[in-house]
Number of protein chains: 2
Amino acid sequence: MTEQNLAAMEFLNTCRELVDTELDRCIEQDGASERLQAAMRYSVLGGGKRIRPALCLAAARAMDVALEAALAPACALELVHAYSLIHDDLPAMDDDNLRRGRPTTHIAFDEASAILAGDALQALAFDLLANDHDRTSKARLAMVRELAHAAGHKGMVGGQAIDLESVGKALTLHELENMHRHKTGALIEASVRMGALCSPEPDADRLEALTTYARALGLAFQVQDDLLDIEGSTEVIGKPQGSDMAREKPTYPSLLGIEGAREHLHKLLALAQDSLADFGPEADPLRTMADYVVARSH
Amino acid sequence: MTEQNLAAMEFLNTCRELVDTELDRCIEQDGASERLQAAMRYSVLGGGKRIRPALCLAAARAMDVALEAALAPACALELVHAYSLIHDDLPAMDDDNLRRGRPTTHIAFDEASAILAGDALQALAFDLLANDHDRTSKARLAMVRELAHAAGHKGMVGGQAIDLESVGKALTLHELENMHRHKTGALIEASVRMGALCSPEPDADRLEALTTYARALGLAFQVQDDLLDIEGSTEVIGKPQGSDMAREKPTYPSLLGIEGAREHLHKLLALAQDSLADFGPEADPLRTMADYVVARSH
């Protein structure tokens with residue numbers, strides 16, 4: 001493990017501890033149905049790398065904001081991510097039984113509970129942002145706006161729809177990137193932007209640089225996912241190896257070849273790192289996060 | 001048809017026209033997937049009485065706010081209602097093929113599109129509230145807070161979970177009311193409160209009176225729904241008659257008998273009307289809406 005990877009792992013661990021404590025707290029309060037709440041907790045608290053919260057916290061630090069002051073948006077992002085995984089895994093969607101080495105929510109509970117747990121987690125994300133007393137009404141509203149846009153039909157859900165329509169189809173590189181920009185890119189971009197927006201007066205140039213970083217990183221993340229799907233083992237990646245290929249989903253390696261995909265990944269990584277050129281050591285967590293995305297094995 | 005019913009129908013028609021135009025506009029903008037957008041439009045624009053938007057607009061008027069100034073929250077409420085119907089109708093939930101006399105969304109499209117359309121509509125509701133330039137950041141945030149709470153695991157989705165857990169079970173009247181307070185009551189309460197919150201400086205006593213009105217009306221609405229399920233014909237109510245009974249769902253008539261349910265309905269209606277005692281003619285739309293809920297045939 002390189003030194004930078006070690007730093008990234010340390011930062012990720014710090015973020016994970018902060019975020020997991022906060023997530024545990026915000027689904028602890030009494031809901032109407034114990035079973036629903038159990039399904040929500042199972043889905044959110046069952047591990048996960050917390051990459052989106054970590055990016056949010058890292059972007060906050062790049063704007064000289066304390067990690068603790070960015071916890072609400074970081075958790076809201078993870079709640080939306082968790083809900084999207086639950087719905088993605090449903091029989092009518094990707095029909096996955098295994099996620100992070102554990103039964104998916106509709107297997108551990110039932111389909112109806114899984115649908116409702118996802119629905120409730122999305123609402124909870126906005127609840128959390130709206131009740132974030134760390135910041136002004138205006139700043140909270142900016143967060144709601146970012147997340148609603150990134151999560152909706154012009155963002156993540158739109159990307160999932162394109163993904164479903166693309167099964168068995170030959171896509172161009174442009175079409176593949178368009179899908180990923182929506183499906184995973186929008187929420188990764190929102191993660192970085194919401195972290196930056198934790199600054200009381202976010203500088204426009206810096207916000208734009210961080211947006212460029214996030215877009216490049218979002219695509220790099222996906223290229224690495226595709227490579228892992230071919231190269232990783234089921235044990236390490238937590239889902240059957242080669243499952244995307246088996247479903248005839250278009251991937252970067254299927255379009256560019258494995259070597260071509262690796263080159264593409266490194267170009268995107270360089271773009272992400274270059275966009276941070278005007279930042280000092282306050283952006284080191286973002287830099288190590290970018291390297292981690294490429295070096296990770298799952 | 002009584003004079004009050006006629007007034008309610010006229011008010012509902014005015015609201016429906018305003019709301020339908022606005023809903024059409026807000027799902028018209030380019031999304032990522034045409035099919036997803038078509039499923040969203042099919043679900044939202046396929047008719048419906050628009051009772052929640054009408055309650056929101058009527059509450060705005062009771063606070064001397066112009067109907068047009070309450071359109072964004074009215075539409076956001078309908079988007080959440082529409083998404084909940086889509087997910088409710090899914091095979092894993094109520095498994096309904098017919099809604100308002102038309103094929104349900106997962107029949108007209110497919111299950112995956114229906115799940116995603118619901119997800120996207122929820123996000124769009126918050127998007128709409130956050131971008132409502134008619135009001136201050138603080139007021140917009142109050143709307144987001146109301147809706148997120150009413151839609152989530154402590155509100156509507158929590159109620160749906162209780163509902164699913166109750167199939168085939170004997171419930172007490174208290175348990176039945178608890179389910180309805182969450183499942184349909186929370187969003188009806190939010191409809192009235194969000195309308196009232198359109199006032200630049202909502203009077204606390206008036207807001208509380210309107211909340212009492214909304215709670216009583218929400219339950220009355222459900223009692224009438226249960227009665228219609230027994231008494232109405234498939235043609236008029238748009239779903240197979242007696243379908244709740246057939247699924248062994250607990251209902252007011254099954255607990256109180258038909259006459260008992262009717263009495264309960266009229267008590268709730270009286271409570272709703274009494275709570276408006278301190279209001280003048282500005283609350284007439286709310287008064288006629290309450291009468292309409294009891295007199296409606298579907």
Side-chain angles (χ1 to χ4, degrees), chain A residues 27 29-33 35-37 39-40 83-84 87 90-93 106 110-131 136-138 140-142 144-145 147-162 164-165 178-179 182, chain B residues 27 29-33 35-37 39-40 83-84 87 90-93 106 110-131 136-138 140-142 144-145 147-162 164-165 178-179 182:
Chain A
I27 321 182
Q29 296 151 349
D30 286 348
S33 152
R35 187 175 172 80
L36 173 65
Q37 205 141 323
M40 292 166 74
Y83 116 66
S84 78
H87 284 190
L90 286 167
M93 307 267 283
H106 66 276
D110 56 81
E111 266 189 71
S113 297
I115 294 168
L116 292 178
D119 291 344
L121 289 173
Q122 179 168 199
L124 185 57
F126 290 105
D127 199 323
L128 208 59
L129 291 180
N131 288 298
T136 64
S137 296
K138 200 179 156 203
R140 279 186 259 174
L141 205 59
V144 172
R145 209 181 289 122
L147 188 61
H149 184 86
H153 68 295
K154 295 180 196 175
M156 181 184 77
V157 176
Q160 284 172 309
I162 303 177
L164 287 170
E165 291 159 22
N178 181 52
M179 174 182 94
H182 288 89
Chain B
I27 322 183
Q29 297 150 350
D30 286 347
S33 152
R35 185 174 174 82
L36 173 65
Q37 206 141 322
M40 292 166 74
Y83 116 66
S84 77
H87 284 189
L90 287 168
M93 307 267 283
H106 66 275
D110 56 81
E111 267 190 70
S113 298
I115 295 167
L116 293 178
D119 290 344
L121 289 172
Q122 180 169 198
L124 185 58
F126 291 105
D127 199 324
L128 208 59
L129 291 179
N131 289 297
T136 63
S137 295
K138 199 179 156 202
R140 278 186 259 174
L141 205 59
V144 172
R145 210 182 288 123
L147 189 62
H149 185 86
H153 67 296
K154 295 179 193 174
M156 182 183 77
V157 176
Q160 284 172 309
I162 302 177
L164 287 171
E165 292 160 20
N178 180 52
M179 173 181 94
H182 288 89

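Quick note on labels: first sequence line is chain A, next is B, and so on, each numbered from 1.
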Among A/D127, A/N178, A/L116, A/V144, which residue has the highest count of heavy-atom pairs closer than 4.5 Å to chain B? A/L116
How far apart are the closest heavy atoms of A/V157 and B/A120, and which atoms are they? CG1-CB, 3.8 Å
Decide yes or no for A/R145 and B/R140: does some side-chain heavy atom of the first lie under 4.5 Å from some side-chain heavy atom of the second? yes
Given the options A/P91, A/S137, A/G118, which has more heavy-atom pairs under 4.5 Å with chain B than any of the others? A/S137
When the 4.5 angstrom heavy-atom criterion is applied to B/M40 and chain A, the contacting part is side chain
Separation between CD (A/Q160) and CG (B/L36), nearest 0.5 Å, reads 9.5 Å
With chain B, which of A/H87, A/M156, A/R35 has the greatest number of heavy-atom pairs at distances under 4.5 Å? A/H87
Closest contact, heavy atoms only, A/A123 versus B/A151: CB-C, 4.3 Å
Looking only at heavy atoms and a cut-off of under 4.5 Å, which of A/M93, A/E111, A/H106 has the most pairs with chain B? A/M93
Minimum side-chain heavy-atom gap A/S33-B/H153 below 4.5 Å: no
Okay, B/L90 and chain A: the region with an atom under 4.5 Å from a heavy atom over there is side chain
Any donor-acceptor pair under 3.5 Å linking the side chain of B/Q122 with the backbone of A/D119? yes
With a 4.5 Å cut-off on side-chain heavy atoms, are A/L164 and B/D110 touching? no
About how many Å separate CG of A/L129 and CZ of B/F126, when rounded to the nearest 0.5 Å? 10.0 Å
Name the member of A/G152, A/A125, A/A112 that forms the most heavy-atom pairs with chain B at distances under 4.5 Å. A/A112
Residue B/H182 versus chain A: region with a heavy atom under 4.5 Å: side chain
